[in-house]
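Counting from 1, the numbers follow the sequence of the chain as shown.
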Amino acid sequence: MDERVREDMACLIDSPYRGPLLLELRDGTVKQSELKTRVGASQATISRALGVFEERDWISRTGHTYQLTRLGEFVADTFEVLETTMATAHDLHGVVEHVPFDEMGFDIGRLRGATVIRPTQADPLAPIHHAREFLDGSEAVEMLSHAFSPGSIDAIHQRSRMGQSTSVVVTTDVLESLAADRQFSRQLHEAIANGTLDLWEYDGRIPYILAIADDAVSFGVDDEAGHVIAVIDTDDELVLEWAAETVERYRTESTKLDAARFPLE
């Protein structure tokens with residue numbers, strides 16, 4: 001790597017304040033005193049950083065106010081992409097190898113900026129809890145699944161009572177398991193009967209769990225044992241388009257069920 005390039009990268013990365021400071025300057029003309037408050041650094045630290053930026057022609061100064069130059073805007077945009085990429089890479093560590101990209105219509109780059117929900121010591125079931133929250137409150141939800149947690153069935157039933165629509169494609173083996181449970185069978189019967197749940201039976205393998213709501217996609221990531229180890233949310237347009245097309249494709253290859261599939265007795 002060119003030494004000058006390395007120095008420019010280091011001037012942003014080696015300081016906890018310079019990167020955020022550069023991004024703050026994208027708001028337009030900003031006073032030095034405002035930057036101190038926004039970034040939370042000392043006046044001396046802000047002054048040194050601004051001096052470094054001026055030397056590189058990333059900013060221009062008029063009195064006590066500063067703004068990005070065209071070159072500075074380019075550097076700030078690039079830095080933000082790098083920062084977001086590295087943050088996402090950190091969140092995906094230990095998860096990404098379980099994402100079936102070969103069966104999906106996008107690559108890992110489309111997950112830049114995605115939210116990754118993983119189990120924590122405080123909440124070992126965080127991904128499952130989040131999946132329930134994702135369903136709550138959205139007027140319309142589309143789902144594709146090879147598994148269902150009790151919380152998901154409860155969420156669908158609750159959505160039905162609130163008049164919110166849900167469309168779900170699920171595998172035959174999961175449906176048979178749900179039909180064998182009296183409570184789940186009753187909840188699904190009610191939701192289908194009142195017209196808020198469209199349930200489709202797919203006689204085959206579904207390789208992932210995904211849901212679409214409010215122009216966002218949420219999909220579960222399983223380990224080799226079939227345990228959900230993370231949920232990933234993204235509003236990336238290409239992923240959203242892929243998810244919508246995938247749900248529709250599975251739906252056209254499935255059989256729509258009526259309430260009689262889940263008898264009350």
Check your understanding: Can Glu3 and Arg6 be counted as an ion pair, charged N to O under 4.0 angstrom?
Key -> yes

Point to revise | 4.5 Å side-chain heavy-atom contact, Phe219 and Ile232 | key: yes

Check your understanding: So with a 6.0 Å cut-off around CD of Glu237, is the heavy-atom count from everything else above 12?
Key -> no

Check your understanding: Linking I/L/V/M/F/W/Y whenever any side-chain heavy atoms sit under 4.5 Å apart, do Val231 and Val239 land together?
Key -> no

Check your understanding: Just wondering, more than 12 heavy atoms not from Phe74 lying within 6.0 Å of its CZ?
Key -> no

Practice item. Evaluate whether atom OH of Tyr17 has more than 12 neighbouring non-hydrogen atoms of other residues, nucleotides or ligands under 6.0 angstrom away. Key: no

Check your understanding: How far apart are the closest heavy atoms of Ala179 and Ser185, and which atoms are they?
Key -> O-CB, 3.8 Å

Exercise for review: Decide if the gap between the ring center of Tyr250 and the ring center of Tyr202 is smaller than 6.0 angstrom.
Suggested key: yes

**Study point:** Side-chain heavy-atom pair Leu23, Glu80 within 4.5 angstrom cut-off
**Key:** yes

Point to revise | Nearest heavy-atom neighbours spanning Thr69 and Ser60 | key: CG2-N, 3.9 Å

Practice item. Might you work through the side chain to side chain contact (heavy atoms under 4.5 Å, CB included) test for Cys11 and Arg56, ending with a clear yes or no? Key: CA-CA 11 Å; Cys11 94; Arg56 288 167 168 76; 4.0 Å; yes

Check your understanding: Around Asp203, counting heavy atoms of other residues, nucleotides and ligands shown, do more than 12 lie under 6.0 Å from its CG?
Key -> no

Check your understanding: Counting only N and O atoms by type, is there a donor-acceptor contact under 3.5 Å from the side chain of His189 to the main-chain atoms of Pro263?
Key -> no

Review point. Taking side chain as C-beta onward, heavy atoms only, is Leu188 less than 4.5 Å from Leu257?
Key: no

Check your understanding: Should the pair Arg112-Asp236 be classified as a salt bridge under the 4.0 Å nitrogen-to-oxygen rule?
Key -> no

Review point. Considering only heavy atoms from C-beta outward, does the side chain of Ile46 approach that of Gln32 to under 4.5 Å?
Key: yes

Exercise for review: Please step through salt bridge (Lys or Arg N to Asp or Glu O under 4.0 Å) for the pair Glu73 and Arg70, ending with a clear verdict.
Suggested key: CA-CA 5 Å; Glu73 291 175 355; Arg70 191 178 300 276; 5.5 Å; no

Point to revise | Carboxylate-amine/guanidinium contact Asp136 Arg132, below 4.0 Å | key: yes

Review point. Between Arg249 and Glu245, is there a side-chain N and carboxylate O pair less than 4.0 Å apart?
Key: no

Point to revise | Aromatic plane relationship, Trp58 with Phe53 - under 30° parallel, 30 to 60° tilted, over 60° perpendicular | key: tilted

Practice item. Please check if any side-chain donor atom of Gln67 sits under 3.5 Å from a side-chain acceptor atom of Thr29, or the reverse. Key: yes

**Study point:** Test item: side-chain donor near acceptor, Thr172 and Glu201, under 3.5 Å
**Key:** yes

Practice item. Would you sort out whether Leu135 and Thr166 count as a side chain to side chain contact (heavy atoms under 4.5 Å, CB included), showing the intermediate values? Key: CA-CA 9 Å; Leu135 298 180; Thr166 309; 5.9 Å; no

Point to revise | Neighbour count above 12 (heavy atom, 6.0 Å) for His98 NE2 | key: yes

**Study point:** More than 12 heavy atoms of other groups within 6.0 Å of Asp215 CG
**Key:** no

Exercise for review: Check whether any side-chain heavy atom of Asp222 lies under 4.5 Å from a side-chain heavy atom of His146, and answer yes or no.
Suggested key: yes

**Study point:** Least distance between heavy atoms, Val95 atom then Asp91 atom
**Key:** CG2-O, 4.4 Å

Exercise for review: Answer whether the closest heavy-atom distance between the side chains of Leu175 and Leu199 falls below 4.5 Å.
Suggested key: yes

Review point. What closest approach, in Å, do Ser254 and Val169 show between heavy atoms, and which atom pair accounts for it?
Key: OG-CG1, 3.5 Å

Practice item. Quick one: closest heavy-atom pair of Phe106 and Phe101, and the distance? Key: O-CD2, 3.5 Å

Practice item. Determine, for Glu7 against Arg4, whether the closest basic-nitrogen to carboxylate-oxygen distance falls under 4.0 angstrom. Key: no

Check your understanding: If every non-hydrogen atom of Arg110 is compared with every non-hydrogen atom of Thr234, which pair is closest and at what distance?
Key -> O-OG1, 4.1 Å

Check your understanding: Below 4.5 Å, heavy atoms only, C-beta onward: do Glu190 and Leu197 meet side chain to side chain?
Key -> no

Exercise for review: Let me see the working for Leu12 and Asp8 under side chain to side chain contact (heavy atoms under 4.5 Å, CB included), right down to the final yes or no.
Suggested key: CA-CA 7 Å; Leu12 290 175; Asp8 284 348; over 6 Å; no

**Study point:** Check: Val228 and Leu125 side chains under 4.5 Å, non-hydrogen atoms
**Key:** no

Review point. Between Asp27 and Arg38, is there a side-chain N and carboxylate O pair less than 4.0 Å apart?
Key: yes

**Study point:** Ser42 side chain to Thr45 side chain, donor-acceptor N/O pair below 3.5 angstrom
**Key:** yes

Exercise for review: Step through the shown structure and confirm whether more than 12 heavy atoms of other residues, nucleotides or ligands are within 6.0 Å of CZ on Arg61.
Suggested key: no

